[in-house]
Amino acid sequence: MDSSNMDSSNMDSSNKRLSFNEMAKLVKASCSNEYKSAEEIAVEINRAVKYLKNFILPKLIENGELIKLFPDNNPFQKYKSNIK
């Protein structure tokens, strides 16, 4: 298989540990143009959904860097970067 034609949309295909700031950059880049679910973001940046939901997304929301599509804890919640 020719890797030159591979889709480069997976922003981080490695499983190395990243700092919170590095992880935040990946998450914000993933949902900069449209609302995405935690599951969609996790697949795109190759991280566990539970980790994102418990540690990364709440801090980004608290800091005003992400906005939620629904104001409450909706099972269909999606997120979008609030940074222009």
Side-chain angles (χ1 to χ4, degrees):
M1 176 185 249
D2 181 11
S3 64
S4 64
N5 293 332
M6 300 277 300
D7 182 7
S8 63
S9 65
N10 189 346
M11 295 181 175
D12 184 22
S13 60
S14 70
N15 278 329
K16 67 179 183 172
R17 288 186 82 117
L18 300 175
S19 71
F20 174 80
N21 289 336
E22 292 170 320
M23 185 66 66
K25 285 180 188 177
L26 289 175
V27 170
K28 291 184 291 186
S30 172
C31 56
S32 63
N33 296 321
E34 63 182 311
Y35 283 97
K36 290 188 179 178
S37 68
E39 291 79 9
E40 291 171 315
I41 297 169
V43 167
E44 192 167 320
I45 67 171
N46 196 27
R47 294 294 185 259
V49 175
K50 186 175 180 179
Y51 173 69
L52 290 179
K53 284 184 173 182
N54 290 334
F55 299 104
I56 304 301
L57 298 177
K59 288 181 183 178
L60 291 175
I61 292 165
E62 183 180 313
N63 294 344
E65 297 178 69
L66 281 186
I67 53 176
K68 299 194 299 186
L69 182 59
F70 304 105
D72 57 354
N73 290 332
N74 189 304
F76 302 106
Q77 189 64 267
K78 292 191 175 197
Y79 309 89
K80 185 175 179 185
S81 176
N82 195 28
I83 307 301
K84 305 278 186 213

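- At most 12 non-hydrogen atoms from other residues, nucleotides or ligands lie less than 6.0 angstrom from CG of Asn33.
- Residues forming a salt bridge (charged side-chain N to carboxylate O under 4.0 Å, His left out) with Lys53 (at least two apart in sequence, or on another chain): Glu39.
- Distance CD1/Ile41 to CG/Leu66: 6.5 Å, rounded to 0.5 Å.
- Shown here are the side-chain contact (heavy atoms from CB on, under 4.5 Å) partners of Lys68, two or more places apart in sequence or in another chain: Ile61, Asn73, Gln77, Tyr79.
- The heavy-atom pair separating Val49 from Ala42 by the smallest distance is CG2-CB, 3.5 Å.
- Between Ile45 atom CD1 and Ile56 atom CD1 the span is 8.0 Å, to the nearest 0.5 Å.
- Atom CZ of Arg47 sits about 4.5 Å away from atom CG of Leu18, to the nearest 0.5 Å.
- Ala38 and Leu52 get closest at one heavy-atom pair: O-CD1, 4.0 Å.
- Residues passing the ring pair (Phe, Tyr, Trp, His ring centres under 6.0 Å) test with Phe55, sequence neighbours excluded: Tyr51.
- Contact record, Ser32 with Ser81: CA-CB, 3.8 Å, taken as the closest heavy-atom pair.
- One distance of note links CD of Glu22 with NZ of Lys16; it measures 6.5 Å at 0.5 Å rounding.
- Between atom SG of residue Cys31 and atom CG of residue Leu57 there is a gap of 8.0 Å, rounded to the nearest 0.5 Å.
- In terms of the side-chain hydrogen bond (donor to acceptor under 3.5 Å, both in side chains) criterion, residue partners of Lys28 (sequence neighbours excluded) are, by chain and number, Glu65.
- In this structure, the side-chain contact (heavy atoms from CB on, under 4.5 Å) partners of Tyr35, at least two apart in sequence or on a different chain, are Ile67, Leu69, Lys78, Lys80.
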